[in-house]
There are 2 protein chains.
Amino acid sequence: MITKINVYFCRVNSLAEENYLKAMFSLSNDKGEVNVNDLSKRLEIKMPTVTSMMKRLATKKLVHYESYKPLKLTDKGKKEAALIIRKHRLTEMFLVEKMGFGWEQVHEIAEQIEHIQSPELFAKMDELLGFPKLDPHGSPIPDKNGTMVWVAYNKLSECKAGDTVKLSAVINTSAEFLKFLNSRELSLGLKVKIKSVEPFDNTMVVSYGKRLSETLSHTVCERLLVEKV
Amino acid sequence: MITKINVYFCRVNSLAEENYLKAMFSLSNDKGEVNVNDLSKRLEIKMPTVTSMMKRLATKKLVHYESYKPLKLTDKGKKEAALIIRKHRLTEMFLVEKMGFGWEQVHEIAEQIEHIQSPELFAKMDELLGFPKLDPHGSPIPDKNGTMVWVAYNKLSECKAGDTVKLSAVINTSAEFLKFLNSRELSLGLKVKIKSVEPFDNTMVVSYGKRLSETLSHTVCERLLVEKV
DNA sequence: TATTTTTGTTAGTCTAATCTAACTTAATAT
DNA sequence: ATATTAAGTTAGATTAGACTAACAAAAATA
Ligand SMILES: [Mn+2]
Ligand SMILES: [Mn+2]
Ligand SMILES: [Mn+2]
Ligand SMILES: [Mn+2]
């Protein structure tokens with residue numbers, strides 16, 4: 001009688017499971033809680049499916065699940081989610097810095113490559129990039145232990161007329177928004193001076209580079225993170 | 001009454017389907033035929049599963065299927081298979097040439113990346129590599145239409161004492177074999193002179209580079225493809 | 001507080017992709 | 001030619017991951 005023994009202790013998660021973990025991580029509020037409904041909307045997956053996946057992830061010790069209570073990632077779940085985000089952001093950085101893609105082109109590709117199982121591949125990207133701390137959209141890249149250091153930026157929309165700030169990150173990373181920023185020559189690292197703020201609709205008139213008077217809607221200013229200089 | 005219409009005509013194949021297509025392509029003989037049994041062994045998937053997948057691929061017009069007859073890819077199936085192989089080999093080339101991996105490290109990674117859906121990614125690899133015709137193991141990279149040009153190499157084992165040949169490709173691309181070649185400083189493009197062939201076991205004594213007398217087993221010589229010079 | 005709306009769960013269905021057991025057809029050996 | 005073995009198929013089970021319909025709990029509103 002031969003008994004087959006599974007020697008692969010570190011069973012990896014499926015693509016679907018990884019996408020749930022990542023979505024939970026990024027939707028978590030300060031309490032680390034997520035609602036079934038929010039997850040359902042984010043993933044475009046119906047609520048009953050989310051519930052059943054949460055039960056599965058709970059048996060894998062990745063999620064704390066109790067009926068009708070908000071969902072929480074366990075420490076293990078948080079770490080695994082952060083490591084997927086690490087792969088996502090390293091990939092985006094690699095695509096931009098080493099392959100010449102625009103920052104508006106890389107998210108969709110990274111959404112797939114983040115699921116590749118190859119520590120060597122991502123270690124090599126990291127090395128070739130010189131161990132970057134931020135991705136092309138200014139978001140922090142978690143380290144190998146899944147630790148993510150958040151820098152406390154301000155929204156441009158919360159700054160006042162007369163302030164001079166440095167563009168440091170974007171909140172929305174949709175291709176449309178990034179293409180809009182490209183069209184205005186707005187990129188990370190840029191110094192921007194706020195000339196005036198329209199009190200009625202919070203539209204801002206700003207100057208930067210060769211552009212001495214550009215008007216940015218509140219919607220845009222809310223999605224730009226800056227540092228005071 | 002609103003009717004939902006599927007506008008995505010070019011439904012992509014699943015990862016499983018792609019792996020079957022690729023395996024069929026590479027197992028096909030000169031007649032373009034494969035047996036269920038061979039496919040089953042190659043993919044490490046039981047025969048009934050293979051049969052049912054063949055029926056699915058037949059409904060998708062990728063495979064000609066008739067009970068108890070050998071399997072054949074349709075022209076469409078051949079093209080799709082070749083385009084996956086194109087992605088695989090472009091990836092291997094990129095990993096070796098642009099990221100500094102060894103030729104023995106890249107197959108496993110390419111096995112995953114070949115399934116990424118992003119024409120832009122592979123077009124960029126192709127461009128950065130200067131539109132290569134061969135992968136790091138000397139195998140031809142199919143073009144964008146799925147056309148693959150085979151060069152007729154000889155096996156080193158079929159050459160005679162006194163011949164001088166150029167190492168052009170490897171048949172076996174297992175990491176073990178490639179590491180063995182590394183250990184003997186054998187790489188593609190190398191000029192090798194055959195000093196003698198042992199009649200008993202077909203072992204060859206060869207010289208190349210700074211190595212004036214290396215002994216290669218028949219097993220090794222059978223897996224090395226060469227051009228006469 | 002009572003009603004309505006929103007959120008979440010349960011139960012049951014479906015497809016993809018795998019398996020085993022049993023059977024059939026084809027190939028090989030005696 | 002017959003018996004045996006190998007190859008291939010059918011039938012039925014299983015799991016992951018999705019869905020809808022119906023119901024239950026919680027939150028919001030009147
Ligand atoms: Mn992204
Ligand atoms: Mn993803
Ligand atoms: Mn390969
Ligand atoms: Mn593959």
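So you know, we letter chains A, B, ... as the sequences are listed, proteins then strands, and number each from 1. What's counted below: heavy atoms across the whole structure, side chains too, no hydrogens, waters or symmetry copies.
- Applying the ring-ring contact (aromatic ring centres under 6.0 Å, His included) test to residues at least two apart or on different chains, the pairs with a partner in residues 91-121 of chain A are A:His88-A:His107.
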Under-3.5 Å N/O pairs linking protein and nucleotides 24-29 of chain C:
none

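- Screening residues 127-155 of chain A for salt bridge (Lys or Arg N to Asp or Glu O under 4.0 Å) gives A:Arg89-A:Asp135 as the qualifying pairs, with residues at least two apart or on separate chains.
- Here D:dA16 presents its P atom at 9 Å from CE of A:Met53, a figure rounded to the nearest Å.
- Partners of B:Glu114 under the salt bridge (Lys or Arg N to Asp or Glu O under 4.0 Å) rule, at least two apart in sequence or in another chain, are B:Lys22.
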Where protein sits on nucleotides 10-15 of chain C, one letter per nucleotide: B base, S sugar-phosphate only, - none, heavy atoms under 4.0 Å: B-----

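- A:Gln117 pairs by the side chain to side chain donor-acceptor pair (under 3.5 Å) definition with A:Glu18, not counting sequence neighbours.
- If you measure from atom CD1 of B:Ile45 to atom C1' of C:dT18, you get 8 Å, rounded to the nearest angstrom.
- We find that NZ of A:Lys60 is positioned 15 Å from P of D:dT15, with the value rounded to whole Å.
- Between A:Lys69 atom NZ and D:dA25 atom P the separation is 14 Å, expressed in whole Å.
- A 4.5 Å side-chain heavy-atom check between A:Glu80 and A:Leu62 finds at least one atom pair inside the cut-off.
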Report the C-alpha separation of A:Glu227 and A:Asn154 in whole Å, then their side-chain angles, then the decisive distance to 0.1 Å, and conclude whether the side chain to side chain contact (heavy atoms under 4.5 Å, CB included) test is met. CA-CA 6 Å; A:Glu227 289 168 275; A:Asn154 297 102; over 6 Å; no

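- The side chain to side chain donor-acceptor pair (under 3.5 Å) search around B:Asn29 returns none, not counting sequence neighbours.
- Listed by first and then second residue, the salt bridge (Lys or Arg N to Asp or Glu O under 4.0 Å) pairs that reach into residues 34-50 of chain A come to none, sequence neighbours excluded.
- Take B:Lys87 and apply the salt bridge (Lys or Arg N to Asp or Glu O under 4.0 Å) test, not counting sequence neighbours, and it matches no residue.
- Evaluation of the side chain to side chain donor-acceptor pair (under 3.5 Å) rule for A:Asn202 yields no partner, not counting sequence neighbours.
- Atom P of nucleotide D:dT20 and atom NZ of A:Lys46 are separated by 5 Å, given to the nearest angstrom.
- OP1 and OP2 of C:dA16 both lie 4.0 Å or more from every side-chain N or O belonging to B:Ser14.
- If you take CG of B:Asn13 and P of C:dA16, they are 12 Å apart, rounded to a whole angstrom.
- Sorted by residue number, the members of residues 30-44 of chain A with any non-hydrogen atom under 4.0 Å from DNA chain C read A:Asn35, A:Val36, A:Asn37.
- Distance A:Met47 CE to D:dA26 C1': 12 Å, rounded to the nearest Å.
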Donor-acceptor pairs under 3.5 Å, side chain of residues 218-226 of chain B to any protein atom, not counting sequence neighbours: which ones?
residue: B:Arg223; atom: NH1; partner: B:Thr219; partner atom: O; Å: 3.0

